[in-house]
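In listed order, ligands and their atoms are each counted from 1.
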Amino acid sequence: MSLLVDYDSQNIFAKILSGAIPSAKVYEDDRTFAFMDAFPQSKGHTLVIPKADACNLFDIAPGDLQTLIVQTQRVARAVRDALSPDGVRIMQFNGEAAGQTVYHIHFHILPMWDDQPLARHAGGMADINELNALAAQIRAKL
Ligand code: 5GP
């Protein structure tokens, strides 16, 4: 898929924002939503998205991007404080060739531990109860 894509209001994250698809919510305000990745690459893999429509880095408005990255920092701090990983990787993909699969911009927050390899991207689905428990742990640190 090209990097110049039109926003699809039926994409998975738009449906999560509207409540049509359930998610393990970590945080929400009028501009931002954070939730657990359903196919986590590590324990605590969290996604942060804007409520504004944008496919990726190339079409998001600068003000929305500023809010998004500041909120990503805030949620990443909570992930760090909740799970005490050895490191935290922040990822953001643009275009199919770069690994983007959902065309609503998002930052991945990936807690990492020295002795634990990452699972494959968008691999196995996690148990929703485990995701809700992790979301509560992270939310408690916000
Ligand atoms: P991308 O590949 O676009 O950077 O990342 C999309 C992410 O969304 C992947 O890590 C994938 O596991 C996650 N994902 C895909 N479908 C769903 C879903 O229905 N619910 C949640 N919570 N995450 C999803």
Quick look: Met91 vs ligand 1, heavy-atom contacts under 4.0 Å, and the answer is neither
Out of curiosity, is Gly99 lining ligand 1, as in a heavy atom under 4.0 Å away? yes
Side chain or backbone of Ser23 under 4.0 Å from ligand 1, or both, or neither, by non-hydrogen atoms? neither
Can you figure out which of Gln92, Lys15, Met36 has its heavy atom closest to atom 22 (N) of ligand 1? Met36
What pairs with Lys51 under salt bridge (charged side-chain N to carboxylate O under 4.0 Å, His left out), at least two apart in sequence or on another chain? Glu28
Taking atom CZ of Arg74 as the centre, report whether more than 12 heavy atoms of other residues, nucleotides or ligands fall under 6.0 Å from it. yes
Main-chain N/O of Pro50 paired to His104 side chain as donor or acceptor, under 3.5 Å: yes
Is it the side chain (CB and beyond), the backbone, both or neither of Val102 that lies under 4.0 Å from ligand 1, heavy atoms counted? both
Indicate yes or no: does an N/O atom of His108 lie under 3.5 Å from an N/O atom of ligand 1? yes
For ligand 1, the portion of His121 having any non-hydrogen atom under 4.0 Å away: side chain
Within the 4.0 Å heavy-atom cut-off, what Tyr103 brings close to ligand 1 is neither
Holding to side-chain contact (heavy atoms from CB on, under 4.5 Å), I want the full list of residues that pass it with Asp81, two or more places apart in sequence or in another chain. Lys141
Does ligand 1 have an atom that lies less than 4.0 angstrom from a heavy atom of Ile16? yes
Within a radius of less than 6.0 Å around CG of Asp29, do more than 12 heavy atoms belonging to other residues, nucleotides or ligands occur? yes
Can any side-chain N or O of Asp64 pair as donor or acceptor with the backbone N or O of Ile60 at less than 3.5 Å? no
Would one find more than 12 heavy atoms of other residues, nucleotides or ligands at under 6.0 Å from atom CZ of Arg139? yes
Keeping Asn94 on the side-chain end and Asn56 on the backbone end, is there a donor-acceptor pair under 3.5 Å? no
With backbone taken as N, CA, C and O and side chain as the heavy atoms from C-beta onward, which portion of Phe39 lies under 4.0 Å from ligand 1: side chain, backbone, both, or neither? both
Min heavy-atom dist Phe13 to ligand 1 below 4.0 Å: yes
Give yes or no for whether the N/O distance cutoff of 3.5 Å, strictly under, is met between His45 and ligand 1. no
